[in-house]
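Indexing begins at 1, ligand by ligand and atom by atom, following the structure's order. Start at 1 with the first residue, then count along the sequence. Everything quoted here is computed from the prediction, not taken from an experiment.
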Amino acid sequence: MAGSGGHAKSADYVASVLTTAGFAVSKQEFPFSYSTRVDRLSVDGTQIPIIRMYGTPSTSAGGVTAPLDVVAVDDTSGCGTSDYTPDVVGKIALIKRGGCSFAQKQVSAEASGAVGVVIYNNTVGDLDASLGEPAGGMIPAGGVTAAAGARLAALAGQPVTLELRVVVEERTTFNVIAETKGGRKDNIVMLGSHLDSRWRGPGLNDNGTGSAALLETALQLGGNAKVENAVRFGFWSAEESGAMPPPGSIGLEGSIHYVRSLTFGQQLDIAAYLNFDMLGSPNVGYFTYDGDNSDLVGAGPGPYGSAQIERTLTDFLKNAHGVSVEGTDLSGDSDYFPFSTVGIPVGGLFTGANEIETSAQAAKWSGIAGAPFDSCFHQACDNLGNINREALDRNADAVAWAVGIYATSTESINGIKRGEAKETTQKAVERSSERNLTEPVGASLDLACNDFA
Ligand code: DTR
Ligand code: ZN
Ligand code: ZN
């Protein structure tokens, strides 16, 4: 997660191996709002896993400690004040799920004098729930499993500590940018992936897979490679919003910071940006970014040249691996967004998140219809066991193929031929008009991000 020691170690490693491989490497620091959360329930010195209910107020640091009051179990346990005895005053109420909304249980407990609520599940699995309207969130409330509930029900009167808190603080994190020493600096091929994970887990598919594919491609290319066009790699931080993102937060903070830091001329020097975010989803879908909006749904086409990138990636996966690819909409949900907003042609690969794979997709990709592409998306289980290695291998080949093609020539994207003299400013302005740029860059990026938010 951005701002954590884990991200810093990952980014330092990437910077180190790319420096050793001969790249010109820089770290681009930027401030961001680090938000994480403490969800803690302890009793008898042991911790019981608990998930804060969405909408609950936070406790202070250290939480609230009070005796446990076990509310009688019936079909509507804890749904009305008549379910509570005067004993619950000043205590933390343990309530079984069922019979009414979580908000109603919480409001009834608060009205009866409880200082906190622990609701346990009435079915298998975690209880990751919401109190609905904020009006329901008056005392701290969290959910535990049925097994934890049974254990707690035997501890009536024991002191328990309930700490449910969001930690938000201004921190600094950094992107890693690496560029070949050779190649044209006015026609750069850029590729990127985010190196940070979601707050709940290690993020091996999202986005260890994209970062690993990019890093290995860079190391195989080498920073001293003889290339026609310079190749630049961006390993972004803070793509994932924090544990409790502010309303409207779109994340993408590292790539947005990067594009905003470029002058207009520096943006024109980038011939294309290719993004790789989730390349190894277990129940794999093979998607390329729909640069020409041929699926006619959602967002429109990308900037001129995006369709050609889609074609290159689609044809490679078909010809080299016999994979039939579908388009995924350029709807702004990863780090290509700030680049496309300023008119830079974009493309990329994706293997699916928590969307459900259809029967038709399962048939062509040998997957499981009706199941998510990645059931551990943004969860703690997004670990090394959550990677479809065949999918990662195929997609990594496509990343390398695209680098080989575009480091040699971007003519199919922007018409610039190999060895063509550096274009005049007039031509650059004409080219930028092809990118439908109508106002200064920063404004269009702000506009788009605000729109998006
Ligand atoms: N938002 C990305 C995952 C994601 C969802 N849809 C797409 C489409 C294209 C690339 C990535 C994604 C994340 O959670 O990092
Ligand atoms: Zn993610
Ligand atoms: Zn991602």
Listing, residues 401-410 side-chain donor-acceptor contacts under 3.5 Å, not counting sequence neighbours, or none:
from   : atom 1 : to     : atom 2 : distance (Å)
Tyr406 : OH     : Thr312 : OG1    : 2.6
Thr408 : OG1    : Gly404 : O      : 2.7
Ser409 : OG     : Glu411 : N      : 3.0
Thr410 : OG1    : Asn187 : ND2    : 2.9
Thr410 : OG1    : Asn414 : OD1    : 2.8
Thr410 : OG1    : Asn414 : ND2    : 3.4

Side-chain donor or acceptor of Lys96 paired with backbone N/O of Tyr120 under 3.5 Å:
no
Test item: side-chain donor near acceptor, Ser294 and Asp290, under 3.5 Å
yes
Glu170 and Ser33: side chain donor to acceptor below 3.5 Å
yes
Taking 2.8 Å as the strict upper bound, the Zn ion (ligand 3) has protein N, O or S neighbours numbering 4
With under 30° as parallel and over 60° as perpendicular, where do the rings of Phe23 and Phe233 fit, or are they tilted in between?
perpendicular
Is the backbone of Met1 close enough, under 3.5 Å, to the side chain of Asp196 for a donor and an acceptor to pair up by distance?
no
Not counting sequence neighbours, list each pair that qualifies as a ring pair (Phe, Tyr, Trp, His ring centres under 6.0 Å) and has a residue in residues 201-221.
none
Can you work out which protein residues put a heavy atom within less than 4.0 Å of ligand 1?
His194, Asp206, Glu239, Glu240, Asp277, Met278, Tyr289, Asp333, Ser334, Phe350, Phe377, His378
Will you find, in the side chains of Glu253 and Ser237, an N or O donor that is under 3.5 Å from an N or O acceptor?
no
Heavy-atom side-chain contact between Val325 and Trp365 under 4.5 Å:
no
